[in-house]
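For reference, the structure discussed in these notes is given below.
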Amino acid sequence: MSQSQSIFEQYDIFKTMHPVKIQVMKDLADNMQGRDLKDAAPFLMAATNKLKQNNLSFSPEEMRVLMDILTKDMNPQEKAKVEMMKNFIQKR
């Protein structure tokens, strides 16, 4: 990957994704940059609300890509916490 290539250019899924979903993901990635995971809730709620306003939701594959993007700079312990939360949410 070249330094100038956006992370959003690394995934083929963005070629066919709804533009609103792409914008929500980009906004979420921008807002979460440099923040702790514990600060994510308001941004995740805003993203979910924007999707709902457009009658959209992320598919499981889109969620996986989003998590890859949001956790790309995290250390292994932080990534493990994210996985644990994700598993908990999926079981509900």
Side-chain angles (χ1 to χ4, degrees):
M1 174 178 105
S2 71
Q3 288 293 343
S4 63
Q5 185 183 30
S6 162
I7 191 153
F8 289 92
E9 294 168 359
Q10 295 175 41
Y11 297 93
D12 287 338
I13 194 170
F14 291 111
K15 294 176 184 170
T16 57
M17 190 184 292
H18 191 286
V20 171
K21 289 183 180 186
I22 295 172
Q23 190 57 53
V24 167
M25 273 199 196
K26 285 184 177 180
D27 291 347
L28 198 49
D30 288 346
N31 288 330
M32 288 303 300
Q33 189 128 21
R35 295 184 190 267
D36 284 341
L37 185 61
K38 66 183 185 307
D39 300 326
F43 300 111
L44 293 170
M45 290 299 298
T48 301
N49 289 336
K50 184 165 184 167
L51 289 174
K52 283 183 182 176
Q53 289 170 358
N54 289 279
N55 293 318
L56 298 169
S57 63
F58 288 132
S59 71
E61 174 68 7
E62 291 165 345
M63 281 301 297
R64 186 189 64 72
V65 169
L66 177 60
M67 295 312 294
D68 285 352
I69 292 168
L70 294 180
T71 61
K72 73 180 178 3
D73 295 327
M74 289 183 178
N75 66 41
Q77 291 86 357
E78 291 172 318
K79 286 184 181 188
K81 286 180 189 174
V82 170
E83 273 307 307
M84 210 167 61
M85 282 194 311
K86 193 168 68 172
N87 289 336
F88 175 77
I89 291 167
Q90 288 173 344
K91 290 177 182 170
R92 301 189 93 211

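Throughout, numbering of the chain's residues begins at 1 and tracks the sequence. Note that the coordinates shown come from a computational prediction; the quantities given were computed from them, not determined experimentally.
Using a cut-off of 4.0 Å between Lys/Arg side-chain N and Asp/Glu carboxylate O, K26 and D30 are scored as not salt-bridged.
Here the side chain of E78 pairs a donor or acceptor atom with the backbone of N75 at under 3.5 angstrom. Using modelled atom types, one side-chain atom of S59 and one backbone atom of E62 make a donor-acceptor pair closer than 3.5 Å.
Of the inter-residue distances, the one linking L44 atom CG with D39 atom CG reads 11.0 Å to the nearest 0.5 angstrom. The CE atom of M67 lies 10.5 Å from the NZ atom of K79; values are rounded to the nearest 0.5 Å. In this structure, the separation between CD on Q10 and CG on D68 is 9.5 Å, given to the nearest 0.5 Å. The CE atom of M32 lies 11.5 Å from the CG atom of D73; values are rounded to the nearest 0.5 Å.
Between K21 and S57, the closest heavy-atom pair is NZ-O, 2.9 Å. Of all heavy-atom pairs spanning L70 and M74, the tightest one is O-CE, 3.8 Å.
Side-chain contact between F14 and V65 is present, with heavy atoms from C-beta onward closer than 4.5 Å. For the pair M17 and M25, the minimum side-chain heavy-atom distance is below 4.5 Å. Side-chain atoms of F8 and I69, non-hydrogen and from C-beta on, do get closer than 4.5 Å to each other.
Within a 6.0 Å radius of NZ in K81, other residues, nucleotides and ligands contribute 12 heavy atoms or fewer.
For the residue pair Q53 / N49, no side-chain donor-acceptor distance below 3.5 Å is found, with atom types taken as modelled.
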